[in-house]
A.B. asks: 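Take a look at this one; I'll ask things after.
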Amino acid sequence: MIRLSQLFVRTLRDDPADAEVPSHRLLVRAGYIRRVAPGGYSWLPLGWKVLRNVERIVRQEMDAMGAQEVHFPALLPRDVYELTNRWTEYGDNLFRLVDRRGADYLLGPTHEEMFTLLVKDLYSSYKDLPVSLYQIQTKYRDEARPRAGLLRGREFLMKDSYSFDLDDAGLQLSYDTHRATYQRIFSRLGLPYVIVKAMSGAMGGSMSEEFLAPIDIGEDTFVRCTSCDYAANTEAVTTALPVISARDTPAPKNVPSPECPTIATLVALFNKQYPRADRQWTAADTLKNVVIMLRHADGRNEPLVIGVPGDREVDMKRVAAQVSPAEVEPFDDASFALHPVLVRGYIGPQSLGLTSASGIRYLLDPRVVIGSEWVTGANQKDVHVAHLVHGRDFTADGTIEAAEILSGDPCPLCSSPLEIARGIEIGHVFQLGRKYAEILGLSVLDKNGKPAVVTMGSYGIGVSRAVASIAEVFHDDLGLRWPRAVAPADVHVVIAGKGNDGTSDFAESLSVQLESSGLEVLLDDRSGVSPGVKFKDAELLGMPIIVIVGKGLAAGSVEVRDRLRNTITEVPSESVAAHIVTLARSDD
RNA sequence: CGGGGAGUGGCGCAGCUUGGUAGCGCGCCUGGUUUGGGACCAGGAGGCCGGGGGUUCGAGUCCCCCCUCCCCGACCA
C-alpha cells in the first residue's frame, strides 16, 4: 500500500513553463519525473513504478518468445566501435569520454557490436543457432536537440535485441517472431500502433518496419491508406504509377522562354505564348529537374539530377533515404561552374544520363512514366522544350522515390487515397543481415563443416519513450489516466471525510481488503488536506480507479470512479470491495 | 548550425521603458478556524535577480561579452 501521507511526491498546481507536450507537462506536474539536464530526467517513486511496469511487460514477453536477457556495460571502449567504423560514422551523436590514462570510451547508443562479439566468443556451430539475446539498457545519444521531455532524451531506457541465424529463412522466422512479440507487448501496454514500412538506412539490411503510435505531436511522418492496411513512413512510401493514355504527341519543339527559371513563371509564359487548344498548361505538365551533389562514403563527389513532376517539390528526406549511405549536399555555384552542361533553371533530360556525352546520372521519380509528355528545360538559357516524351525523346538511368507525398495520393496497393499522419516511433524491427557478422567475423561451421556467416536481426523498443507515449494517449484535461497494466497502483482511495467520522477507518480496512485481493492501493490518508485538493490530486496522478470514502458513507455508500471509462458509481459500502475487484479485473 | 522566445525563492510570474535597499500568487513552517472540488485568518522561513566585465554615489533595471533553457527548422540506429 502506498500512503500519500508518506509518499515522496509533490504535485504542482501550475504547468511547468518549459513543457509543451501533454506527457511532459503532466509527468512533471504529477511528480513522476524531474528534469536534471537537457534530455535527462530523474524518476520519482510513481514514475519509477510505471517505468518498471513497462519494463516488466517487455521482459515477460521477450522471455516468452525464447529470447534470453543479458546485460552489457553502457560504458564501452573505443576499439570495439572502431572495428565497424562507427566511432567515426556515428558522428556528433556519440557521447565520448576519456579515462585517466587517456583512453577513449563511449557511452553506448546501441549495442550491435557487443552482441555480435559475444556470440562470436561463445558459439561456433550451426547447432547453436538460432539464438535471440536482449538487454534492457540505458542508452546515450548526444542528440542535437532533445525535446518533449521523455520522448527524445539524451539518456533513455531501451530494450534492444538481436537474433542470430544461419540462413535467410531462419532470419525471417526470428523477425516474424519478434514482430508478433512486439504486437503483444504494445497491446498489453495499451498503446495503439501502426506498423509502417521503413527504410533500413545507414545500418544496411533489407526488411525493416517501424511501430508508430499515431499521435499528432510525434516526430515521424507516415502515410496510411484510408481503405486497405498499407502504411509506410514517408521515406519508404512507394508510388502508385499513373496510367497514361496513348496519344499522338507532336515532335519536341523548343520554345523561347526568357526569364523563366521557375515552374510558375514557365507555366504563365506557356499559357501566354504557346497556349494549348484543349486546356491551360499547369505545373503538372512540366518536368522539374533538380541537381544535387552526392558525397559517397569513399569521399567521391558525384552530381545527380532528379526529375519530378513540376507540381511537386523534391522531398530531400526521401532522396537522402534512397541514396544512403551517400550523403546529399547542395549543388553550389562552384559545382555549376564545373559542369557547364547544367544550366541553372533550364536543366533538361536530353543531355543527361550516364551514357550521354555529359555522363551525369539522371534519375526519375516513378510518376514520370514511359510515354508521358513533358515541358522541360532545353539545356540552354532562356529555352524550354515542349512535347518531350519519356522513352521517345529521352531516357533515364533509373527511378528514385523523390517527389513529396501529398495527402490524397493513391495507395500503391489499392489506389485509394492515402492520408498523412504523425506518430511516435515506439519500436523498430529490422533485418540487419550479415553486415556486422562479416565485419566482426562471426561465422559458424555448417553441416558440411564449412564456415557460414551468421545473419542477424535487430529489434528495439524505447521503454522510457513508451512511458511518455502511454501518457500521451492516456490523459485528459484533468490529468493522467494510466491503463491498469502500467499504473503505479490499481486503486486510489481518497479519505474525503473528517476522519473521525468513520471514513478513515473504513478506507483503511477497505484498502487492506483490496490489497489482499491482489490489487495495489494508493491511499490518500493525508490529514488537514481539503477534499478538493485530494480530488484534484487523484485526477492528476491518474490511477485507473478512484474510490471516494466521504459524506456518502453515513448513508452506507461509497463512490467509485472509473477514470478510463469516465463513469461514477455509488456502491453500497458492504459490497464496494467486491465491486472494485471486479472492475479492476475487467481490464485484464 | 539558422530563426523565434525566455532566464528574478521549490513552481508560475510581475518589476526593467524612466537606476534609489526585490515583489505577487501557489507551495513550505507555526498557531487557530475549516473539510465534497485546488479553504480562511494571523505570524514566519526561504532569493550571489544565469555568469563576467563596465558606466554610476548607487545596477534586477543602462552598456559590452559569455552561458543556459524552451519552441520551429536542419540533423537524427
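Reminder, nothing fancy here: chain letters follow the sequence lines and each chain counts from 1. No hydrogens, no waters, no symmetry mates; every other heavy atom, side chains included, goes into these values. In this text the structure is predicted, and so the values were computed from the model without any measurement.
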A.B. asks: Counting the atoms with a prime plus P, OP1 and OP2 as sugar-phosphate, which does R152(A) contact under 4.0 Å by heavy atoms, base, sugar-phosphate, or nothing?
C.D. replies: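 Since a base atom lies under 4.0 Å of R152(A), the category is base.
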
A.B. asks: Which part of the nucleic acid, if any, lies within contact of E219(A), taking any heavy atom under 4.0 Å across all strands shown: a base, the sugar-phosphate backbone alone, or nothing?
C.D. replies: nothing

A.B. asks: Taking the same atom, P, in G9(B) and in G43(B), what whole-Å distance lies between them?
C.D. replies: 25 Å

A.B. asks: Between C26(B) and A45(B), how many Å separate the two C1' atoms, rounded to a whole number?
C.D. replies: 16 Å

A.B. asks: Measuring only the C1' atom in each nucleotide, how far is A39(B) from G20(B)? A whole number of Å is fine.
C.D. replies: 40 Å

A.B. asks: Provide, to the nearest angstrom, the distance between the CG atom belonging to N93(A) and the P atom belonging to C75(B).
C.D. replies: 13 Å

A.B. asks: Within the structure shown, what part of the strands sits under 4.0 Å from R561(A) by heavy-atom distance: base, sugar-phosphate, or nothing?
C.D. replies: base

A.B. asks: Under a 3.5 Å cut-off for both contacts, is C69(B) paired Watson-Crick or G-U wobble with anything, and if yes, with which nucleotide?
C.D. replies: G5(B)

A.B. asks: Find which nucleotide of RNA chain B each of D15(A) and A19(A) is nearest to by heavy atoms, and output the residue with the more 5' nucleotide.
C.D. replies: D15(A)

A.B. asks: Between C63(B) and U18(B), how far apart are the two P atoms, rounded to whole Å?
C.D. replies: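 Those two atoms are separated by 10 Å.
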
A.B. asks: D142(A) CG to C75(B) C1': how many Å, rounded?
C.D. replies: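 Distance check: D142(A) CG to C75(B) C1' gives 12 Å.
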
A.B. asks: Considering only C76(B), A77(B), G36(B), which nucleotide approaches the side chain of A496(A) most closely?
C.D. replies: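 Looking only at side-chain atoms, A496(A) lies closest to G36(B).
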
A.B. asks: Are side-chain N/O atoms of E570(A) and S557(A) paired as donor and acceptor at under 3.5 Å?
C.D. replies: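 There is such a pair between these side chains.
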
A.B. asks: Round to the nearest Å and state the distance from R35(A) atom CZ to C11(B) atom C1'.
C.D. replies: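 Taking CZ of R35(A) and C1' of C11(B), I get 14 Å after rounding.
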
A.B. asks: Can you tell me how far C1' of C76(B) sits from CZ of R141(A), to the nearest Å?
C.D. replies: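 Between C1' of C76(B) and CZ of R141(A): 9 Å.
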
A.B. asks: Has R13(A) got a side-chain N or O lying under 4.0 Å from the OP1 or OP2 atom of C11(B)?
C.D. replies: no

A.B. asks: Any side-chain N or O of R147(A) under 4.0 Å from OP1/OP2 of C72(B)?
C.D. replies: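 Affirmative; the distance criterion is met.
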
A.B. asks: Write down the distance between CG (D477(A)) and P (G38(B)), rounded to a whole number of angstrom.
C.D. replies: 17 Å

A.B. asks: Below 3.5 Å between N/O atoms, which protein atoms pair up with nucleotides 42-45 of chain B? Just atom names and distances, please.
C.D. replies:
none

A.B. asks: Between A77(B) atom C1' and Y81(A) atom OH, what is the distance in whole Å?
C.D. replies: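 Distance check: Y81(A) OH to A77(B) C1' gives 10 Å.
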
A.B. asks: Using a cut-off of strictly less than 4.0 Å between a heavy atom of the residue and any atom of RNA chain B, enumerate the qualifying residues of residues 523-540 of chain A by number.
C.D. replies: V529(A), S530(A), P531(A), G532(A), V533(A), F535(A), K536(A), D537(A), E539(A)

A.B. asks: Is a donor on one side and an acceptor on the other found under 3.5 Å between the side chain of R29(A) and the backbone of L12(A)?
C.D. replies: yes

A.B. asks: Both G460(A) and E20(A) contact RNA chain B. Which one's nearest nucleotide lies toward the 5' end?
C.D. replies: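 Between the two, 5'-proximity favours E20(A).
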
A.B. asks: Where does the angle between the aromatic ring planes of Y182(A) and F186(A) fall among parallel (under 30°), tilted (30 to 60°) and perpendicular (over 60°)?
C.D. replies: perpendicular

A.B. asks: Distance between the P atoms of U68(B) and G52(B), in whole angstroms?
C.D. replies: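 Roughly 16 Å separates the two P atoms.
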
